[in-house]
Amino acid sequence: MTTPAETLEALLRQQHPAQHNPPAFDPAGTPAEPLPLFVTWFAEATEAGQPEPHTLSLATVDPDNSPDVRTVTLRGADERGWRVATRADSRKGHHLAATPKAALGFYWPSRARQIRIRGPVLPASPEESRADLHARSTGALAAALTGHQSAPLASLDELADASRAAWRTAEADPERDVPQWTVYIVAATEVEFWQNDPARRHLRLAYRRPSPESTTWTKQLLWP
């Protein structure tokens, strides 16, 4: 009888790296700061039909310094950093309160590219967090109102009842505030752009700065 591990191993052997014709990317022509290049790559991924290019992996550490990761959506980016959002009383929120540092990972196979971002994390103002929540869909507001994220759940019926009540509130009062809702700004000190190469000579360009307060970035090519 085949074990689950053997089944997985057989499936993994069937997988092969996708063969792409990577788009042109000349590091010599890149901007002095990473955000303009990020926006360019994001736009190109969107134009290439990349599904949900705004989704990303958010990595945090818990109070015991054990890593954790999950998929969230990008809420924006500016000179302060890249923004994500969640309830402050969620597992992510507790992690960021204990250790206000995070890493973000974007992967866009349609362009054979990925971007990695690391840096300290700061909460945005309550006004900005409130505006973010109310720019979302009714369903997003209902989910934020439901709360209890990552807490033990007694039954699916309990979830259904709480969700129905939250939907009723969200539909009746679309401006309802959720004080726990928080936008978090990842004030990047490192941003790496990775471009696939069919010969495995992958191109890696890293932007670094000593602190979020610094306005001067350095650029460095990295071995693949």
Side-chain angles (χ1 to χ4, degrees), residues 38 42 45 50-78 80-108 114-191 212:
F38 177 88
F42 189 95
Q50 174 63 47
E52 299 186 338
H54 63 309
T55 59
L56 63 120
S57 297
L58 167 66
T60 58
V61 295
D62 68 15
D64 296 323
N65 288 323
S66 294
D68 204 349
V69 67
R70 74 288 288 164
T71 300
V72 299
T73 59
L74 181 68
R75 300 306 299 166
D78 55 27
R80 298 172 300 168
W82 281 255
R83 301 193 298 277
V84 297
T86 188
R87 286 180 60 118
D89 56 357
S90 68
R91 180 178 294 176
K92 299 184 289 294
H94 287 305
H95 289 186
L96 293 172
T99 305
K101 298 179 181 180
L104 311 179
F106 294 85
Y107 177 49
W108 298 322
Q114 61 176 308
I115 299 175
R116 299 169 59 237
I117 299 169
R118 296 196 301 170
V121 177
L122 301 170
S125 68
E127 293 75 19
E128 184 172 357
S129 297
R130 189 177 303 113
D132 173 84
L133 178 62
H134 293 144
R136 292 178 176 235
S137 67
T138 301
L141 175 58
L145 287 166
T146 301
H148 306 294
Q149 190 179 85
S150 299
L153 177 65
S155 69
L156 293 180
D157 288 340
E158 182 182 19
L159 172 60
D161 290 343
S163 178
R164 281 192 290 267
W167 270 91
R168 288 194 295 269
T169 299
E171 291 170 339
D173 185 6
E175 297 302 314
R176 173 65 67 94
D177 191 19
V178 180
Q180 300 88 347
W181 189 258
T182 305
V183 169
Y184 293 95
I185 303 168
V186 181
T189 53
E190 181 176 346
V191 182

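A heavy-atom distance below 4.5 Å is found between the side chains of Arg75 and Arg136. Inter-residue side-chain proximity for Val84 and Leu56 is flagged as met; some heavy-atom pair is nearer than 4.5 Å. Within the 4.5 Å cutoff, the side chain of Leu156 has no heavy atoms near those of the Glu158 side chain. Side-chain contact check for Pro120 versus Thr189: some heavy-atom pair is nearer than 4.5 Å. Residues Arg176 and Leu145 meet the side-chain proximity criterion, which asks for heavy atoms closer than 4.5 Å. Counting only heavy atoms from C-beta outward, the side chains of Glu171 and Thr138 approach each other to under 4.5 Å. Looking at heavy atoms from C-beta onward, Val72 lies out of side-chain contact with Thr86 at the 4.5 angstrom threshold. Residues Phe42 and His54 have side chains in contact (heavy-atom distance under 4.5 Å, counting atoms from C-beta outward).
The two residues Gln149 and Ser90 have their closest heavy-atom pair at OE1-CB, 3.0 Å. A pairwise comparison of heavy atoms in Pro63 and Ala98 identifies CG-CB, 4.0 Å as the closest pair. Residues Leu141 and Pro174 share a closest heavy-atom pair of CD2-O, 3.5 Å. In terms of heavy-atom proximity, Ser57 sits nearest to Val69 at CB-CG2, 3.9 Å. The shortest heavy-atom contact between Thr146 and Ala166 is OG1-CB, 3.2 Å. For Asp132 against Ala85, the heavy-atom pair with the smallest separation is OD2-CB, 3.7 Å.
Distance check: His94 NE2 to Asp89 CG gives 5.5 Å after rounding to the nearest 0.5 Å. Taken from CG in Leu104 to CD1 in Ile115, the straight-line distance is 10.5 Å, to the nearest 0.5 Å. For the atom pair CZ of Arg116 and CD of Glu190, the computed distance is 6.5 Å after rounding to the nearest 0.5 Å. From His134, atom NE2 reaches atom OG of Ser129 across 11.0 Å, with rounding to the nearest 0.5 Å. Atom CG of Leu96 and atom CG of Leu122 lie 10.5 Å apart (nearest 0.5 Å). Here CD1 of Ile185 is found 5.5 Å from CD of Glu128. Values are rounded to the nearest 0.5 Å.
In this structure, the side chain of Trp82 does not engage the main chain of Ala188 through any donor-acceptor pair within 3.5 Å. Here the side chain of Asp62 pairs a donor or acceptor atom with the backbone of Asp64 at under 3.5 angstrom.
Taking the charged nitrogens against the carboxylate oxygens, Asp78 and Arg83 do have a contact shorter than 4.0 Å, which makes a salt bridge.
Between Phe38 and Phe106, the gap from one ring centroid to the other is short of 6.0 Å.
At a cut-off of 3.5 Å, with distance as the only test, a side-chain donor of Thr60 or Arg70 sits close to an acceptor on the other residue.
Residues satisfying the side-chain contact (heavy atoms from CB on, under 4.5 Å) criterion with Val61, sequence neighbours excluded, are Asn65, Thr99.
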